[in-house]
Amino acid sequence: MKQPPIARVLRPLARAHRGLVAALLGVGALASLCEGMGISLFLPLLHSMDPAGFEEGTGGALGRVFHRVFEGVPEGARMQVVLGAMFALLAAKAGLNAASGLLFARLDARLVNELRQRVMDQALRVRLGFIERQRTGDMVALVQNQTWETSGALATLIGIVIRLATITVFGLALLSISWRMTLTVAAALLVISWIVRQIGRRVDRLSEDGLREWNTLSQRCIEVLRGQRTARAFGREDHERAAFAASSTSTSQAYWRVERIRALVNPTSELMVAALLAGVLLLSVSDPGKLPAVLTFMFILFRLQPQVQRLDTDRVNLAASAPAVRTVTGFLHEADKPYLPEGTRPFRGLEDSISLHDVSYRYDGQADKDSALRGVTARIPANRTTAIVGPSGSGKSTLTYLLMRFADPLEGTIHLDGIGLAEFELATWRAGIALVSQDAHVFHATVADNIRYGRPDASDAAVREAARKAHAHEFIESLPAGYDTPLGEEGIQLSGGQRQRIALARALIRDARILVLDEATNALDAIAENVIQDALAELAGHYTMIVIAHRLATIEQADHVLVLDRGILVQQGERGRLLAEEGLFSQLHELQPGRTP
Ligand SMILES: Nc1ncnc2c1ncn2[C@@H]1O[C@H](COP(=O)(O)OP(=O)(O)OP(=O)(O)O)[C@@H](O)[C@H]1O
């Protein structure tokens, strides 16, 4: 598919910061004008050394203009006046350049910050399944590098526009000295520019490879660091080292291929322009009367050369950032992303039941026949404890995934007291339901803040109360700084059971009347689990509890049981009745060690 030009992709970003961009362009254009006029004064300066040339007004239209401007100045003072004007213009240009540097820095700081935040906002808004499919390495590279490269690309693009203005000013000065010589030079410069553009195209293609390699490297890095224990336990350090080395080497090689070509741009264009200058000089030395005009022409051309050269490098740099710019803008593009439609009805509590009617769900990439849930019709009564059981992979967590409304069923419906779940506001629904999931994620924050994550305005007393209910208070008190102990990668590492208790306290503090516990106590010892079961038993009758547990002892207090098998609801009903029935539930029960009758 043909990609849109990078300048068009960047246009919306420029529009969003139009004030700063306009200021930059204005300052840039003024600086070009000052510089162009400043160096054009070289002509009257040379003429002031040769009054005859001045009187004749050699140097084409420009010579005539300067003749008119400076003819009133006494001959003896002309040189000083011209030098003074030259200095004033070049000083103004230096001041404008400084302002432009500040404006560029301001734009960059703002834009990178904004892009990073927009990327994260998109990651938090888009449907969970979409974001969970992205590789962590790609996401880290997107947030950290590619946003920054995108901002750099916009600065480069603005730089190109300013440079074009400078080249135009210089070009006009050259034209007004000699249009013939200018057109010859312009034709030659166009050829040079075309050659460099071909190089730019190649750099764009190679940069795509570089970006891909870079993302793979970030992913490898994350995997090696996260999988340390497994790698060491299985003696696979050499394998990890080799895989990382291979990825690192191919990243370096990909960038080497880009840089090698990029390094050629400047010298190539410099060499070609030098040849051009030499050609102009050779052609014009024949007429000494025109020397001031030719020298001024050469001088302007000499100043023009780095601008043209920078224009070429800028273009190649822009091409090199193109893949990053497309990745960032592509990720932020909303039309092709999945979002959950928002309902408008506030959720105020469950009175009767949650009911599922013919619910099916398949994750992206799952085959039809492997659907995680197939035609599930079930009822979860309010203020009761419902257990969801079934073999591993039977769809239990997927059911809670849909109940939390991380996604909507592909077929069928979920109703709360007879009203479609999708009709409710997401925020009030999620405020009414609390989940303790299998991963028991702990944030890099203090213990208290990890618990308070469930209810940010909770008091210290409420945090402690929730921790007590989750049987976590005692171990928290024994941590180096108690509730203020930092957790996570840079803090204390907790055991699986301790993490579960923090996650449970976080859910309990939320004070939501629907509690979903997905294997929430499987890492606890029997004593801790019993204490928590007792705490949860106290909530029974006031809370709707949905409990997933492999250990059937955990769900002894359940009023109602849903039994899943390969995505299909095979049994549902009262626990006692299902135990007495022939079926998967009684079979699972038979297989449990230390089962209770
Ligand atoms: N994010 C996902 N993307 C793709 N497939 C998934 C995803 N999560 C689960 N699955 C698949 O969907 C099916 C049901 O998974 P689910 O996690 O709901 O089972 P489960 O009964 O909770 O299993 P367990 O008891 O092992 O936790 C499985 O085949 C699983 O491989």
Side-chain angles (χ1 to χ4, degrees), residues 123-124 126-139 219 222-223 226 337-340 354 356 358-378 380 385-412 414 421 433-441 496-497 499-500 503-504 507 515-524 529 545-555 558 560-572 578 583-585 587-589 591-593:
L124 288 168
V126 75
R127 228 173 52 200
L128 192 61
F130 174 84
I131 207 70
E132 284 182 343
R133 269 201 326 281
Q134 311 296 316
R135 294 193 308 179
T136 317
D138 290 5
M139 287 304 297
Q219 185 64 26
I222 289 169
E223 275 177 16
R226 285 218 185 123
K337 305 281 176 315
Y339 298 92
L340 275 184
I354 303 173
L356 292 92
D358 214 11
V359 166
S360 296
Y361 190 74
R362 191 174 59 245
Y363 292 96
D364 287 324
Q366 250 182 345
D368 230 2
K369 62 176 180 40
D370 299 328
S371 291
L373 289 177
R374 286 182 278 174
V376 173
T377 298
I380 297 171
T385 300
T386 299
I388 307 176
V389 298
S392 183
S394 56
K396 305 180 294 293
S397 297
T398 307
L399 199 59
T400 66
Y401 189 83
L402 298 182
L403 287 178
M404 293 304 298
R405 211 171 164 234
F406 290 147
D408 287 330
L410 291 186
E411 282 160 34
I414 299 177
L421 175 57
I433 186 166
L435 168 74
V436 185
S437 59
Q438 291 184 18
D439 68 349
H441 185 75
R499 277 210 315 273
Q500 271 192 342
L504 196 60
L515 263 183
V516 182
L517 308 173
D518 185 352
E519 293 287 2
T521 53
N522 65 352
L524 301 187
E529 187 172 18
M545 270 193 273
I546 300 162
V547 184
I548 297 179
H550 277 122
R551 284 208 295 255
L552 295 188
T554 312
I555 54 146
H560 192 73
V561 181
L562 307 180
V563 188
L564 284 170
D565 188 17
R566 276 169 289 177
I568 297 173
L569 185 79
V570 289
Q571 283 180 294
Q572 70 172 314
L578 295 190
L584 185 59
F585 187 61
Q587 280 171 23
L588 288 171
H589 204 264
L591 294 171
Q592 291 274 315

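Numbering of ligands and ligand atoms starts at 1, following listing order.
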Any Gln438 heavy atom less than 4.0 Å from ligand 1: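 Distance cut 4.0 Å: Gln438 passes for ligand 1.
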Proximity flag Gly390 to ligand 1, non-hydrogen atoms under 4.0 Å: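 Outside the 4.0 Å threshold, so no.
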Under 3.5 Å between any N/O of [X] and any N/O of ligand 1: does that happen in this structure?
X: Gly393; answer: yes
X: Glu132; answer: no
X: Asp364; answer: no

Partner set under salt bridge (Lys or Arg N to Asp or Glu O under 4.0 Å) for Arg362, not counting sequence neighbours: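 Salt bridge (Lys or Arg N to Asp or Glu O under 4.0 Å) check on Arg362 returns Asp368.
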Any protein heavy atom nearer than 4.0 Å to atom 24 (P) of ligand 1: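 Given the 4.0 Å limit, the answer for atom 24 (P) of ligand 1 is yes, a protein heavy atom qualifies.
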Region of Gln366 that comes within reach of ligand 1 [heavy atoms, distance under 4.0 Å]: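 The part of Gln366 near ligand 1 is the side chain, not the backbone.
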Protein contact of atom 26 (O) of ligand 1 - nearest heavy atom, named by residue and atom, plus distance: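 Checking every protein heavy atom, the shortest distance to atom 26 (O) of ligand 1 gives Ser392 OG, 2.6 Å.
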Heavy-atom nearest neighbour in the protein, as seen from atom 17 (O) of ligand 1, with distance rounded to 0.1 Å: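 Among all protein heavy atoms, the one nearest atom 17 (O) of ligand 1 is Ser397 CB, 3.6 Å.
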Counterpart residues, ring pair (Phe, Tyr, Trp, His ring centres under 6.0 Å), relative to Phe406 (two or more places apart):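 Partners of Phe406 under the ring pair (Phe, Tyr, Trp, His ring centres under 6.0 Å) test: Tyr401.
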For atom 9 (C) of ligand 1, the option (of Tyr401, Tyr363, Phe406) bearing the nearest heavy atom: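 Shortest heavy-atom distance from atom 9 (C) of ligand 1: Tyr363.
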Any side-chain heavy-atom pair of Leu504 and Leu517 under 4.5 Å: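 They are in contact (side-chain heavy atoms under 4.5 Å apart), so the answer is yes.
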Side-chain touch Leu403/Ile380, heavy atoms, less than 4.5 angstrom: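 SC-SC contact between Leu403 and Ile380 confirmed.
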